[in-house]
A.B. asks: 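Sharing a structure with you now.
A, B, ... follow the sequence lines: proteins, then strands. Residue 1 opens every chain.
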2 protein chains.
Amino acid sequence: VFSVKNVSETFNIIQEQFSGYPLDEEWVNLTDALYRITAVDIAAQENVPGFDRSSVDGFAVMAADTFGSSDSMPAQLKLSGEVKMGEKPGFAIKAGHAAYIPTGGELPQNADAVVMVEYTENLHDGYIYVNKPVAPGNNVVLKGDDTRCGDLVIMAGRRLKPQNIGVMAALGINRVRVRRKLKAAVISTGNEIVSPDERPAGSQVRDVNTYTLYSGLCAFGAQPVTYGIIKDDYETIRKTVGKALDECDIVLVSGGSSVGTMDETHRVIDSLGKPGVLVHGIAVKPGKPTIIGKIGGKAVVGLPGHPASAYVIFRVFVYKLMEVMQGSSAENETSVKAYMKVNYPSNNGREEFLPVKLERVGDRLAAQPFFSKSGLITFLSSADGLVRIKRGREGLNAGEEVEVVLL
Amino acid sequence: VFSVKNVSETFNIIQEQFSGYPLDEEWVNLTDALYRITAVDIAAQENVPGFDRSSVDGFAVMAADTFGSSDSMPAQLKLSGEVKMGEKPGFAIKAGHAAYIPTGGELPQNADAVVMVEYTENLHDGYIYVNKPVAPGNNVVLKGDDTRCGDLVIMAGRRLKPQNIGVMAALGINRVRVRRKLKAAVISTGNEIVSPDERPAGSQVRDVNTYTLYSGLCAFGAQPVTYGIIKDDYETIRKTVGKALDECDIVLVSGGSSVGTMDETHRVIDSLGKPGVLVHGIAVKPGKPTIIGKIGGKAVVGLPGHPASAYVIFRVFVYKLMEVMQGSSAENETSVKAYMKVNYPSNNGREEFLPVKLERVGDRLAAQPFFSKSGLITFLSSADGLVRIKRGREGLNAGEEVEVVLL
């Protein structure tokens with residue numbers, strides 16, 4: 001019994017079946033944390049800044065001493081002391097006094113504002129002349145203004161960017177609890193497939209999927225494990241998928257775009273455990289012959305053999321699967337708006353993910369679709385993104401605005 | 001003499017001074033090629049596909065034999081042979097004959113089209129009944145249709161994505177000539193700076209820039225080399241920058257946001273070689289105290305000490321510098337359109353790169369600016385991108401469309 005699903009149904013099945021996947025956690029140093037997924041909420045254990053500090057180069061004062069000052073009537077303040085970077089000021093500001101303070105320097109006791117150097121004059125007579133009043137708090141960053149002890153600064157499930165890593169450094173967090181990288185098996189099947197190292201004999205073709213999927217997994221932040229090219233028969237596929245299931249979280253089996261081979265992958269999945277095949281065929285172009293199965297909590301995905309179809313399905317459905325399994329939000333999906341450069345007919349009743357090339361025209365982006373009948377990889381190599389054409393649309397019109405998910 | 005430049009002038013100086021930087025080349029395997037920069041144009045050495053093949057499951061025929069066929073008057077063709085995947089068909093199609101062929105199978109001699117299984121009937125009487133005519137070439141991909149021997153498939157200076165790596169696999173290219181990764185030194189200066197491993201004493205603050213810059217360099221695809229935290233004096237800076245220049249292509253020195261320290265970095269750069277400092281201060285917010293120098297072809301950049309400013313300058317100017325030095329096109333700069341959620345005043349005569357948070361509102365993105373006076377990193381951690389406010393603008397209006405470069 002085939003259970004062909006449409007795109008939304010497939011996304012829902014992925015969400016329901018694979019969220020909460022039990023992925024181990026590990027500690028990593030900050031320099032290894034880029035693009036890793038936080039396993040826990042991270043809260044500040046201290047205040048930032050840890051002391052009241054100046055945000056400019058200038059003079060620490062009691063604001064009231066500057067009230068009423070102007071160019072013609074500057075406030076004369078006795079220069080007493082200098083704040084040094086990184087050192088506690090060893091003095092307090094008295095009424096009528098001022099002290100030099102650099103940007104980031106700690107505010108001396110009693111000072112409640114800083115006058116910028118630009119608004120002072122120094123006649124080297126032991127006084128500083130302020131020609132513009134400041135209000136209390138001016139040019140001062142108070143202890144905890146940036147982050148207060150206890151504030152949630154990074155949520156669990158976040159993919160760490162450089163600026164997030166910077167915040168942890170600022171807070172003295174030098175190791176971070178992250179989820180283990182997803183391990184994904186890459187298996188190419190097909191009697192006609194040979195390695196790129198070999199010269200195809202007869203009508204053999206080279207293995208492309210191992211390389212696009214391997215690189216695609218790295219780009220996502222997963223750890224690929226390759227299992228080579230295997231013959232297209234039930235026992236070999238079963239043995240290899242079984243081994244891969246022991247060693248990985250996700251198993252990607254590409255090849256078998258014909259109905260016969262699909263059936264074999266289906267039988268293999270059902271033979272290896274429960275619940276087995278969840279989706280057998282997706283009403284989508286390209287990539288109709290896609291299988292999604294679940295065995296003991298892990299995922300097995302049968303991808304089409306055609307390299308372009310396999311990669312599109314990988315980017316759309318396997319990306320989604322991996323986000324769900326590692327519990328990360330889809331915040332990182334990058335899409336841009338563009339307009340269609342030409343009409344694109346699409347009347348096949350299935351949703352379509354259309355590869356397009358983007359081109360800047362004035363301050364807009366134009367999307368040029370590819371009309372390729374070969375299903376090979378070359379055209380995808382020139383593609384910048386995918387446009388999703390929803391069900392019920394008969395295609396896209398020239399000039400129409402579309403959302404392009406970047407490849 | 002200060003040579004403060006505006007943003008466009010700075011970009012031009014970077015372009016003029018650092019293009020053609022002599023970066024070594026190296027060979028990498030396809031599985032190590034992700035996001036590397038191609039050093040040479042890559043041309044196909046063979047045709048893809050390498051033989052005429054079927055793009056569907058069906059029957060290889062001489063198209064003329066199907067002309068005039070219909071549901072009520074099917075063409076009766078003698079079933080003779082079956083094409084096997086990956087094997088040369090050992091037979092030719094004769095007039096009035098047909099042979100089963102799977103998707104990707106090689107077209108037998110004399111066949112010029114394939115009839116899809118769906119348009120045939122098999123009564124198991126040794127014949128196949130075709131109920132829809134095909135034209136010559138239908139459902140066939142000819143040798144070289146995808147890529148012809150000699151075609152340029154990937155240009156020099158391209159950052160390799162998974163689909164580009166797939167094309168090379170298809171063409172039997174298993175190693176690729178790429179430019180060496182740029183090596184970039186990361187040096188933090190400041191007497192008040194301590195490592196995140198230490199508890200700040202007095203009014204010390206933790207080193208943030210080493211971590212944001214290290215991660216940012218990794219994200220770009222450069223190789224960071226850290227030189228730790230050094231004291232803010234001429235001799236120490238000079239010794240460390242000199243060593244870093246020997247070992248790296250680019251030296252990033254952060255710290256020294258005050259005029260005094262800027263002068264020291266300036267003197268260090270000028271003392272180490274020609275032409276020395278090119279840009280001393282950029283009319284930009286944040287990050288005015290930025291220095292760009294050139295010594296023996298290599299780049300030294302003095303970044304502001306404030307973590308948020310340093311990271312913005314890194315993303316805007318050091319990214320540009322690295323693209324120019326490695327000769328890659330800026331094709332990968334990812335920006336999205338959004339509208340301003342609120343007014344943002346900006347009347348300081350300098351261009352501004354404004355950190356914003358993005359939020360989906362219907363099918364549009366809304367950009368919410370940060371109003372932070374601290375210059376610390378926390379607010380940047382919540383930022384999704386930067387909006388460039390050009391010179392001469394007095395700010396941005398609520399509802400105005402802006403381009404957001406994603407962080």
A.B. asks: Find the one option among B:Y211, B:Y311, B:F51 whose heavy-atom pairs under 4.5 Å with chain A are most numerous.
C.D. replies: B:F51
A.B. asks: For residues A:V28 and A:R175, determine if any side-chain heavy atom of one lies less than 4.5 Å from a side-chain heavy atom of the other.
C.D. replies: no
A.B. asks: Quick check against the 3.5 Å criterion: does A:T189 have a side-chain atom that pairs as donor or acceptor with the backbone of A:S254?
C.D. replies: yes
A.B. asks: Is the side chain of B:D145 donor-acceptor paired with the backbone N or O of B:P49 at a distance under 3.5 Å, no angle test?
C.D. replies: no
A.B. asks: Check the side chains of A:T210 and A:T226 for a donor-acceptor pair under 3.5 angstrom, ignoring hydrogens and angles.
C.D. replies: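 Their side chains do not contain a donor-acceptor pair, so the 3.5 Å distance test is not met.
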A.B. asks: Chain A heavy atoms under 4.5 Å from B:F314: which part of the residue, side chain, backbone, both or neither?
C.D. replies: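 For B:F314, there is no contact with chain A at all, as no heavy atom is under 4.5 Å.
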A.B. asks: Of the backbone (N, CA, C, O) and the side chain (C-beta and beyond), which part of B:A33 lies under 4.5 Å from a heavy atom of chain A, both, or neither?
C.D. replies: neither
A.B. asks: May I ask you to decide whether B:E403 forms a salt bridge with B:R388, counting only side-chain N to carboxylate O separations under 4.0 Å?
C.D. replies: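 A salt bridge is absent here (no side-chain N lies under 4.0 Å from a carboxylate O).
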A.B. asks: When only pairs under 4.5 Å are counted, which of B:D207, B:T147, B:V336, B:D197 shares the most heavy-atom pairs with chain A?
C.D. replies: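 Result: the option with the highest number of such pairs is B:D197.
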A.B. asks: In terms of heavy-atom pairs under 4.5 Å with chain A, which of B:G104, B:A219, B:C218 leads?
C.D. replies: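 Highest number of heavy-atom pairs under 4.5 Å: B:A219.
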A.B. asks: Before accepting this row, confirm whether a basic side-chain N of the pair A:E192/B:R53 lies closer than 4.0 Å to the acidic partner's carboxylate O.
C.D. replies: no
A.B. asks: So for B:E46, is it side chain, backbone, both, or neither that comes closer than 4.5 Å to the heavy atoms of chain A?
C.D. replies: side chain
A.B. asks: Determine yes or no for a side-chain-to-main-chain donor-acceptor pair under 3.5 angstrom, with B:D384 supplying the side chain and B:L358 the backbone.
C.D. replies: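 Between the backbone of B:L358 and the side chain of B:D384 there is a qualifying donor-acceptor contact (under 3.5 Å).
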A.B. asks: Looking at chain A, which one of B:G50, B:G202, B:P162 has the largest number of heavy-atom pairs inside 4.5 Å, strictly under?
C.D. replies: B:P162
A.B. asks: Report yes or no: does B:D57 contribute a side-chain atom to a donor-acceptor pair with the main-chain N or O of B:T103 at less than 3.5 Å?
C.D. replies: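 Present.
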A.B. asks: Against chain A, work out which of B:L213, B:T31, B:N191, B:L30 has the most heavy-atom pairs shorter than 4.5 Å and name it.
C.D. replies: B:T31
A.B. asks: Heavy-atom distance under 4.5 Å to chain A: side chain of B:R199, backbone, both or neither?
C.D. replies: side chain
A.B. asks: What option among A:G105, A:A170, A:A44, A:G216 has the most heavy-atom pairs under 4.5 Å with chain B?
C.D. replies: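 Max contact count across the listed options: A:A170.
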A.B. asks: Name the member of B:I193, B:N164, B:V205 that forms the most heavy-atom pairs with chain A at distances under 4.5 Å.
C.D. replies: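 Ranked by contacts with chain A, first place is B:N164.
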A.B. asks: With a sphere of 6.0 Å drawn around CD of B:Q109, does it hold more than 12 non-hydrogen atoms of other residues, nucleotides or ligands?
C.D. replies: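 Count not over threshold, so no.
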A.B. asks: Against chain B, work out which of A:A383, A:S195, A:S203, A:A169 has the most heavy-atom pairs shorter than 4.5 Å and name it.
C.D. replies: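 Among A:A383, A:S195, A:S203, A:A169, the one with the most close pairs to chain B is A:S203.
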A.B. asks: For chain B, which candidate among A:I173, A:I154, A:L171, A:L406 shows the most heavy-atom pairs at distances under 4.5 Å?
C.D. replies: A:L171
